[in-house]
Amino acid sequence: MEKEEIIELLKKDKFILYNGIELLEIGEGEATSRMKITENHLNGLGTVQGGAIFTLADYTCAAAANSRGKAAVTLDGQMDFIKAVSKGTLTAHATEISLRRTIASYRVEVRNEEDMLIATFQSKVFRKDV
């Protein structure tokens with residue numbers, strides 16, 4: 001699968017569109033996405049719901065993992081929440097840690113517009129030919 005085809009598939013994800021996540025960049029083993037925080041992202045305490053941050057990180061990881069022309073699906077994901085946030089924009093950047101024929105690992109950092117670290121995400125993906 002070509003990189004352009006992957007980008008088009010990623011942009012059609014209805015759940016991602018519903019959550020207001022935008023893919024900014026995709027490269028060989030890396031990607032960047034952002035999400036403008038709205039009231040729909042907030043939990044009962046008025047901070048961004050952990051699932052919204054997880055979705056942003058997982059999607060950005062998926063973009064990076066699928067950037068090499070093989071279909072990649074998440075095997076596991078570990079999220080560490082560092083700082084609560086309730087407004088602004090979150091940007092996630094995924095970087096490839098290791099790449100094997102069928103398994104790859106990625107690290108994602110989620111930061112706010114002030115470049116403060118909000119959360120980290122680490123994931124392994126299964127890669128297969130499509």
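Since the model is a prediction, treat every value here as computed from it, not as a measurement.
Closest approach of Val85 and Ile118 over heavy atoms only: CG1-CG2, 4.1 Å. Across every non-hydrogen atom of Ser67 and Glu30, the tightest pair is OG-N, 4.3 Å. Of all non-hydrogen atoms in Met79 and Phe121, the two that sit nearest each other are CE-CB, 3.7 Å. Summarising the geometry of Asp76 relative to Ser123, their closest heavy-atom pair is O-OG, 2.7 Å, with the distance given to 0.1 Å. Closest approach of Tyr106 to Cys61, counting heavy atoms only: CB-SG, 3.7 Å. Shortest non-hydrogen contact noted between Ile16 and Tyr59 is CG1-CD1, 3.3 Å.
Side chain of Glu114 to backbone of Met116: no donor-acceptor contact under 3.5 angstrom is found. Under a 3.5 Å cut-off, the side chain of His93 and the backbone N or O of Val108 do not form any donor-acceptor pair.
Within the model, atoms CG of Asn66 and CD1 of Ile26 stand 7.5 Å from one another, a figure rounded to the nearest 0.5 Å. Taking CZ from Arg111 and OG1 from Thr32, the interatomic distance works out to 12.0 Å, rounded to the nearest 0.5 Å. The CD1 atom of Ile53 lies 6.5 Å from the CE atom of Met35; values are rounded to the nearest 0.5 Å. With rounding to the nearest 0.5 angstrom, the NZ atom of Lys128 is 12.5 Å from the OG1 atom of Thr102. Annotation: the span from Asp80 atom CG to Gln78 atom CD amounts to 5.0 Å, rounded to 0.5 Å.
Between Thr47 and Leu42 there is no side-chain heavy-atom pair separated by less than 4.5 Å. Arg34 has its side chain within reach of Glu22: a pair of non-hydrogen atoms, C-beta onward, lies under 4.5 Å apart. Put simply, the side chain of Ile97 reaches to within 4.5 Å of the side chain of Gln122, judged on heavy atoms. The closest side-chain heavy-atom distance from Arg127 to Leu99 is below 4.5 Å. Side-chain contact between Arg101 and Lys70 is present, with heavy atoms from C-beta onward closer than 4.5 Å. Between Arg107 and Thr120 the shortest side-chain heavy-atom distance falls below 4.5 Å. Side chains of Val125 and Val73 form no contact here, defined as non-hydrogen atoms less than 4.5 Å apart. Glu28 places a side-chain heavy atom less than 4.5 Å from the side chain of Arg68.
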Exercise. Assess whether side chain to side chain contact (heavy atoms under 4.5 Å, CB included) is satisfied between Ile21 and Phe15, documenting all intermediate values.
Key: CA-CA 9 Å; Ile21 297 172; Phe15 187 69; over 6 Å; no
Self-check item: Check against side chain to side chain contact (heavy atoms under 4.5 Å, CB included), Leu117 and Lys83
Solution: CA-CA 7 Å; Leu117 186 63; Lys83 179 172 177 43; over 6 Å; no
Quiz item: Under the side chain to side chain contact (heavy atoms under 4.5 Å, CB included) criterion, do Ser86 and Ile37 qualify, and how do the steps go?
Solution: CA-CA 7 Å; Ser86 57; Ile37 298 168; over 6 Å; no
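More than 12 heavy atoms of other residues, nucleotides or ligands lie within 6.0 Å of CD in Glu113, so this atom counts as buried by the packing criterion.
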